[in-house]
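Presented below is the structure to which this report refers.
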Amino acid sequence: MKGKKIASSLIAVLMLTGALTACTSKNNNEPSNDPAATKAPEASVNAGGVDTSKEAKLVYYLWGSEGVKNKEILAEINKKLKADLNATIEVKYIDWPDIATKYPLLFASGEEFDMSHASPGAPVSYFTLASEGALVDLTEMLDKVAPKLKAEIPESVWENTKYKGKIYGVPSLYSEYTPAGYAYRSDLLKKYGMDKITSIDDMVKYMDNVVANESFPPINGKAEDAANMFRMLVDTTGMWLNAPGISLNELNLVTKSPEDYKTVFHPAFTQEFEDWAVKMREWADKGYWSKDVLSATLGSKDNFRAANSAGYLTHAQDWIGQYGADLKAQPESDPYFFTFAEANKKIKRKMGVDNSTVISTNSANPERALMVIEKFMTDESYYNLIQNGIEGKQYVMENGVKKQPAGFNDKTDGGGFAAWSLRNDKFVVPTDTENPIRNSLFAEWDKVAIDDPYNGFSFDPTNVTTEIASISNVNSQLGIQLMLGKTSKDPKAAVAEYRDQLKKAGVDKVIAEVEKQLAAFVPVN
C-alpha cells in the first residue's frame, strides 16, 4: 500500500518524541559499476514462483552512523545479491541521537522503503507497528519465498513475533542478555582488597575507596546516567519489573512481580523510591560523579578509557563486546561487571522479537526483501559481509578467532552495520575484542533467566498522549535531578514535589489505561 500513512497511536508516539523534523538521508550507496554487479541472474523465477526478471532496488533503514568503509562492503553485498536475486540494497542510516524522532517518522510519513530494524522496545514498538498496519504480514509469504529461513527459526521463536496470530517480522537467532549494570576496574578492586561487587553495599565500598584514593570519580558520566540509576533501583528492588506505558529510557512504570504483571504503578509513590532519592543525594555529595554531571558532554565510558573514571554504567552485552577496546585503552583495568538484577534473579531472557527485521507495507518488492533477509540469515557468505565486513580488510580469522588485520586503523579501514536483527548463533565466531566470559556467563544465566511477562503486548497510547507527554516533561526535569542527587530542595521534599507533578501530569490516568489494556492480555511465552 504505497503512500499509506500510519495513524492514531503511531502519530501519538511522534507527538511524544519531539518535533516532526524530516528524515533527510542522502543516498550514500550508489550501485556498483562492476560487471558482476549488473549481471542479471540466469533464472527469472525462483523456487517460490517470484518473478525476478526485473531488478529490485531495495532500501534498508538501520540505526547508527555509516562506517568509513561501508560503501565498499555494500558493493560486495550487492554483487552477490544482483547475481543471486537480481536485487540491490541501499542502506540509509538513522543516527543514534535522532532515533527517538526519525524512527517513528519513518513509518508515519508514508516514505517508500523496504526493510528496517524493529523491536518491542523501539521508540515505536514492533507490536504497535503491526497493529497499525505498517508492516507486511509474512505468515504465508515465508512458506512461499523463504522456506529455508522459515525452517531455520524455531517455531517457539516465531510464536513470539506473532501479533493476533500473524507474523510481521523476522526475529534474530542470537543468544543475548542485556541486563543493566556497572563495569568497573578489577585492578582497583584488588588494590582495595576486594574480591567482587555483588551488591549495592559492595559497590558503595568500592566507590568510597575510589574517592579516597584516586584522582577521578567512580562514575564520571553525564545526565543520561540518571536512567541507569533508575534501572539500578528497579533491578535491585524485590521482584519489580519494568512495565509498559512510559518509555523505558525514562523513569517508567513497574509491576511488583512477573506473576502480578497486570498491577502497574509508578515507583515514585513508594518508600523505596524516597529512600533511593536520599541515597542518590548522598552519592552525589560523596563525589561518586562530577558536580557538573547535568551539563557534562562526555560519557563515563569515554572517561573510563581516558583513565578519568573508575567505571561506567551500561548493559551486559555492551560490556562484553567493548571489553577489548576497554583493555586496549586501559591495559591493567580488566573490567568486571556488577549486574543489578542478578541477586534478585530477575535477569530477563531476550526473545528473538527483541531484534527483528520488518518489511514496510510501502515496499514495492516485499517478496524480494524477504528473500534478501533469508540470504543474510542463512547464507554464511552474506552473513559475514553484513556482520563482519570484507575478510582481509575489516577482519581476519586466526585459529577460529576473528581479529583485526595487521595495521588496521578504525578511522580509515573501519566499517560495519548495526544489523543486530540479522544475527544467527551458528555463524557467530569468537572475536579477540570480546570478553571470553560471554559463553559461560550466558550459560549460567540461561539456568535462572525469566521471561518478560509483557512479551507480545502492544500499548496503544492514543487515549493518554497528552498525559504521557506531560510525564516525560516532568521526568526530563525533576526526575533526572532526583536520580543524580541534584535537586535544589532536600531529596524528600523534591520527591513530594515530583509526586505532585506526576499527579498533575496525569500519571493515574496512564496507569489506568495500561491496566485496562492489560486486562485481556495473555503473554505469548
Side-chain angles (χ1 to χ4, degrees), residues 25-43 46 50 52 54-94 113-117 145-146 148-149 152 170 172-174 355-360 363-397 402 404-405 408 410 413-424 426-429 431:
S25 297
K26 63 180 180 180
N27 185 345
N28 290 319
N29 303 292
E30 297 297 333
S32 169
N33 292 322
D34 189 296
T38 56
K39 179 183 177 182
E42 294 181 5
N46 84 332
V50 178
T52 59
K54 182 180 178 181
E55 180 183 7
K57 296 182 178 180
L58 308 174
V59 173
Y60 185 14
Y61 267 96
L62 288 173
W63 294 0
S65 56
E66 182 182 24
V68 66
K69 291 295 184 181
N70 278 20
K71 290 186 180 67
E72 291 185 17
I73 300 170
L74 194 59
E76 292 300 311
I77 290 172
N78 281 333
K79 287 179 186 178
K80 293 173 65 63
L81 286 174
K82 181 67 177 174
D84 292 341
L85 302 176
N86 196 19
T88 58
I89 59 172
E90 173 192 354
V91 174
K92 292 187 177 182
Y93 304 87
I94 302 178
F113 70 99
D114 300 278
M115 302 172 288
S116 78
H117 167 77
V145 306
K148 187 175 181 180
L149 178 63
E152 186 84 7
V170 178
S172 74
L173 280 170
Y174 183 66
N355 285 305
S356 299
T357 307
V358 295
I359 299 173
S360 167
S363 170
N365 295 282
E367 291 89 356
R368 208 84 62 92
L370 186 58
M371 293 162 70
V372 168
I373 296 170
E374 181 180 56
K375 285 292 186 185
F376 282 133
M377 292 191 69
T378 65
D379 186 315
E380 190 170 12
S381 62
Y382 279 91
Y383 184 90
N384 284 335
L385 282 168
I386 193 73
Q387 299 295 344
N388 303 323
I390 301 171
E391 188 168 7
K393 293 185 177 181
Q394 278 72 52
Y395 75 100
V396 293
M397 295 298 298
K402 186 179 73 172
Q404 293 179 341
F408 178 87
D410 192 58
D413 306 316
F417 306 88
W420 320 301
S421 308
L422 301 173
R423 291 180 296 189
N424 188 335
K426 76 176 187 180
F427 296 138
V428 174
V429 295
T431 173

Subject >> side-chain contact (heavy atoms from CB on, under 4.5 Å) between L74 and N70, intermediate numbers included >> reply: CA-CA 6 Å; L74 194 59; N70 278 20; 5.9 Å; no
Subject >> Donor-acceptor contact below 3.5 Å, side chain S172 vs main chain S421 >> reply: no
Original post:
Is a donor on one side and an acceptor on the other found under 3.5 Å between the side chain of E380 and the backbone of F427?
Top reply: no
**OP:** Kindly compute the distance separating OH (Y382) from CG (L422), expressed to the nearest 0.5 Å.
**Re:** 13.0 Å
**OP:** List in chain and number order the residues that pass side-chain contact (heavy atoms from CB on, under 4.5 Å) with S381, two or more places apart in sequence or in another chain; answer none if no residue qualifies.
**Re:** K80, D379
**OP:** Could you tell me which residues satisfy salt bridge (Lys or Arg N to Asp or Glu O under 4.0 Å) with E367, sequence neighbours excluded, listed by chain and number?
**Re:** none
Original post:
Could you give the distance from CG (D114) to CG (N365), rounded to the nearest 0.5 Å?
Top reply: 6.5 Å
**OP:** Can you spot which of V91, I89, L81, T88 makes a side-chain contact (heavy atoms from CB on, under 4.5 Å) with L58?
**Re:** I89
**OP:** Can you label the angle between the Y93 ring and the F417 ring as parallel, tilted or perpendicular, going by 30° and 60°?
**Re:** parallel
**OP:** Verify side-chain contact (heavy atoms from CB on, under 4.5 Å) between Y395 and T431, making sure each step is shown before the conclusion.
**Re:** CA-CA 10 Å; Y395 75 100; T431 173; over 6 Å; no
Original post:
Hey, what do you get for OG1 (T378) to CD (E152), rounding to the nearest 0.5 Å?
Top reply: 6.5 Å
Original post:
Is K71 salt-bridged to E66, cutoff N-O under 4.0 Å?
Top reply: yes
Subject >> Main-chain N/O of N424 paired with Y383 side-chain donor or acceptor, under 3.5 Å >> reply: yes
Subject >> Full working for side-chain contact (heavy atoms from CB on, under 4.5 Å) between Q404 and D413 >> reply: CA-CA 10 Å; Q404 293 179 341; D413 306 316; over 6 Å; no
Original post:
Any luck finding a side-chain donor-acceptor pair between N384 and E391 under 3.5 Å?
Top reply: no
Original post:
If only atom types and distance count, is the side chain of Q394 paired as donor or acceptor with the main-chain N or O of G415 below 3.5 Å?
Top reply: no
Subject >> T52 backbone acceptor or donor facing N86 side chain under 3.5 Å >> reply: yes
Original post:
Hey, what do you get for CE (M371) to NZ (K148), rounding to the nearest 0.5 Å?
Top reply: 13.0 Å
Subject >> K375 NZ to L85 CG distance, which is reported to the nearest 0.5 Å >> reply: 5.5 Å
**OP:** I would like to know whether I94 and L62 meet side-chain contact (heavy atoms from CB on, under 4.5 Å); could you show each step before the answer?
**Re:** CA-CA 6 Å; I94 302 178; L62 288 173; over 6 Å; no
Subject >> N355 side, atom CG; R423 side, atom CZ - distance, nearest 0.5 Å >> reply: 6.0 Å
